[in-house]
Amino acid sequence: MNRPHAPSWYAATADQTLAFAPLDGDTRADIAIIGGGYTGLSAALHLAEAGLDVVLIEAEKVGWGASGRNGGQLHTGQRRDQEWLEKRLGLPAAHRLWNLAEEAKALVHQLIDKHGIDAEWRPGLVEAVHKARLVDEERHYVEKLNRDYGYAAAEWIGPEKLAPMIGTDAYYGGRIDRTAGHLHPLKFAQGLARAAAKAGARIHEQTAAKKLVEGGGAPVIETLRGRITAEIVILAGNGLLDGIDQETETRAMPIKNYILTTAPIGAGQPGGLIPGGEAVSDSRFVVYYWRPTPDGRILFGGGETYTRSDPADIAAFVRHHLTKIYPALGGARIDHAWGGTLAVTVNRLPFLRKVRSGVYAASGYSGQGVALAPFGGKILAEAILGDPAKLDAFAALPCPRFPGGKLLRWPALVAGMSWYALRDRL
């Protein structure tokens, strides 16, 4: 059954004719994939290119989940910064994860170029500092990236230069990353789907997985439209994988995030807000993120909820956050406002591994999915094809279960996130 979503600017500007037929009866495959987002589509593409018979099912349409609803920002690194990784995992692991993240970022461009995807890529991303007490720490981090990781694309920008760049004096400086940037996430997902189908993957939309049956030989995915028997199953449903696999579900918690677009106001163009066209995100734990669109809108994300229902007025909910940064936009017309479900892990590192014989899972990208999710699909494919080295590097990362089990993990998350939201305001 379709789950209603408020219409997004992405859906309004992507290919509305792209469609794949639902599953029609029982079938068999080498690989069965649950989830038509970046991870599932990338895995399907790479496995099909290697000659395997792949079936991918999506409960709605490809890109319907977080892959087609996010802020479109392609960040550098992991969700946790390198200092955090060094302190907790050690220098060798931190450098390994940095290199993998750089490979992930490059993969997005490789996929766009190889398959001719019109993803509206635009370079440049500013990480803005929202508290004066964080400035020294952030300046030090830029120096660390330059020195210890050889990353010259990061540069510190003081407030006097940052304000005209982004059109607000709400920040105390920031880091510009010239190899990060932003794209149209749904167009990217649709491009991956076309490429996977062309390579031979069988994609079925409007086909929700209801149950994963194991123990009697090859795993079987049960849907209302038929059963899929496969040698290997990939669980790529992220925060929408309700009731399919308890092991995966206890490691990644779904939360909801919200975005709006203004009417065209000349953003990203000379004389408008953000005339250089960069994306922006800030140092809040419950982050604000925004960017200009090709048609001159501001696309702004801010605010989260931790229940399955959306705010009654999404536009008003996000505008409250928008006007903290751009008070003059308090009266701007809002043309689109929508939400989406993503998944976070306890420590914000992805849950990416072989969970047991015949079953692989990828979930919990924690806001870093534009870079890491396509890469996650690729390294799952590599592991299935016999090269598990990169998957093993992620599988070695600690990814504890949420405390409280199935019933109490929600209130535990709400308590934790509320504390972080309070810290952002102090």
Open item on the list: Under a 3.5 Å distance rule, please check whether Q73 uses its side chain to pair with a backbone N or O of L125 as donor and acceptor.
Closed with: no

Open item on the list: Test your reading of the model: is there a side-chain donor-acceptor pair from N70 to the backbone of A66, 3.5 Å cut-off?
Closed with: yes

Open item on the list: Pairing donors with acceptors under 3.5 angstrom, does anything connect the side chains of H130 and S283?
Closed with: yes

Task: L235 versus L241, closest heavy-atom pair with distance - done: CB-CD2, 3.8 Å

TODO: Find out whether I259 and V318 are in side-chain contact, i.e. whether some heavy atom of one side chain is under 4.5 Å from a heavy atom of the other.
DONE: no

Task: Any donor-acceptor N/O pair, S67 side chain to G63 backbone, under 3.5 Å - done: no

Open item on the list: Could you check whether E247 pairs with R401 (Lys NZ or Arg NE/NH1/NH2 to Asp/Glu carboxylate O, under 4.0 Å)?
Closed with: yes

- [ ] Calculate, to the nearest 0.5 Å, the distance between atoms CD1 and CG belonging to I298 and L322 respectively.
- [x] 8.0 Å

Task: Nearest-0.5 Å distance that lies between atom CG in D313 and atom CG in D310 - done: 11.5 Å

Task: Side-chain donor or acceptor of R297 paired with backbone N/O of P292 under 3.5 Å - done: no

Open item on the list: Strictly distance-based, threshold 3.5 Å: is any side-chain N or O of D113 a donor or acceptor partner for the main-chain N or O of Q110?
Closed with: no

Open item on the list: For the residue pair H182 / R122, report whether a side-chain donor-acceptor contact shorter than 3.5 Å exists.
Closed with: no

TODO: Answer yes if the ring centres of F188 and Y38 are under 6.0 angstrom apart, and no otherwise.
DONE: yes

- [ ] State whether a side-chain donor-acceptor pair under 3.5 Å links Y141 with E143.
- [x] no

TODO: Check for a donor-acceptor pair, side chain of E205 on one end and backbone N or O of A59 on the other, with a separation under 3.5 Å.
DONE: no

Task: Minimum heavy-atom distance between A195 and H115, given as atom pair plus value - done: CB-ND1, 3.5 Å

Open item on the list: With no hydrogens and no angle check, just 3.5 Å: does a side-chain donor-acceptor pair link H184 and Y10?
Closed with: no

Open item on the list: I need the L52 CG to L47 CG distance, nearest 0.5 Å.
Closed with: 5.5 Å

Open item on the list: Under a 3.5 Å cutoff, is there a donor and acceptor pairing between the side chains of Y326 and W290?
Closed with: yes

Open item on the list: To check you understand the geometry: which heavy-atom pair defines the closest contact between G339 and Y258, and what is its length?
Closed with: CA-CD2, 3.4 Å

- [ ] Could you tell me whether D392 and R353 make a salt bridge, using a distance below 4.0 angstrom between a side-chain N and a carboxylate O?
- [x] no

Open item on the list: Given 3.5 Å as the limit, does a donor-acceptor pair link the side chain of E102 with the main chain of W98, or not?
Closed with: no

Task: Side chain S366, main chain T345, donor-acceptor under 3.5 Å - done: yes

Open item on the list: So K105 and L74, do their side chains get closer than 4.5 Å, heavy atoms only?
Closed with: yes

Open item on the list: Do V126 and L162 make a side-chain contact, defined as non-hydrogen atoms from C-beta onward lying under 4.5 Å apart?
Closed with: yes

- [ ] Identify whether the distance between the nearest side-chain nitrogen and carboxylate oxygen of R175 and D177 falls below 4.0 Å.
- [x] no

Open item on the list: To the nearest 0.5 Å, what is the distance between NZ on K256 and OG on S309?
Closed with: 7.5 Å

Task: Minimal non-hydrogen separation, G303 against N257, with atom names - done: O-ND2, 3.3 Å

Open item on the list: Quick check for you: to the nearest 0.5 Å, what is the distance between I221 atom CD1 and I228 atom CD1?
Closed with: 5.0 Å

Task: Sub-6.0 Å ring centroid separation between Y288 and H321 - done: yes

Task: D282/K324 ion pair, N-O < 4.0 Å - done: no

Task: Validation row: F300, T261 side chains within 4.5 angstrom (heavy atoms) - done: no

TODO: Rounded to the nearest 0.5 Å, what's the gap from CG on L186 to CD on Q190? Could you check?
DONE: 4.5 Å

Task: Minimum heavy-atom distance between P275 and P164, given as atom pair plus value - done: CD-O, 3.9 Å

Open item on the list: Between K131 and E137, does any side-chain N to carboxylate O distance fall below 4.0 Å?
Closed with: no

- [ ] State, yes or no, whether a side-chain contact exists between T293 and T13 at a heavy-atom distance under 4.5 Å.
- [x] no

- [ ] Report yes or no: is the cationic atom of R79 (NZ for Lys, CZ for Arg) closer than 6.0 Å to the six-membered ring centre of W84, at no more than 45° off its axis?
- [x] no

Open item on the list: Taking K144 first and then E86, would you say they form a salt bridge - that is, a charged N and a carboxylate O separated by under 4.0 Å?
Closed with: yes

Task: Min side-chain heavy-atom separation T39-P374 under 4.5 Å - done: no

Task: Donor on one side chain, acceptor on other, H95 and Q82, under 3.5 Å - done: no

- [ ] Verify, without hydrogens or angle tests, whether W338 (side chain) and R69 (backbone) share a donor-acceptor contact under 3.5 angstrom.
- [x] yes

- [ ] Can you see which heavy atom on Y171 is nearest to which on V129, and at what distance?
- [x] CD2-O, 3.3 Å

Task: Side chain proximity check, R291 to E278, heavy atoms < 4.5 angstrom - done: no

Open item on the list: One pair to check against side chain to side chain contact (heavy atoms under 4.5 Å, CB included): W9 and D295. What are the steps and the verdict?
Closed with: CA-CA 11 Å; W9 177 79; D295 58 354; 3.5 Å; yes

Open item on the list: Taking the basic N atoms (NZ, or NE/NH1/NH2) and the acidic carboxylate oxygens, is any pair closer than 4.0 Å for D53 and R202?
Closed with: yes

- [ ] Indicate yes or no: at least one non-hydrogen side-chain atom of R80 is less than 4.5 angstrom from one of L349.
- [x] yes

- [ ] Please check if the side chain of T323 supplies one atom and the backbone of G330 the other of a donor-acceptor pair under 3.5 Å.
- [x] no

TODO: Would you mind telling me which of K61, R194, K187 makes a salt bridge (Lys or Arg N to Asp or Glu O under 4.0 Å) with D15?
DONE: R194

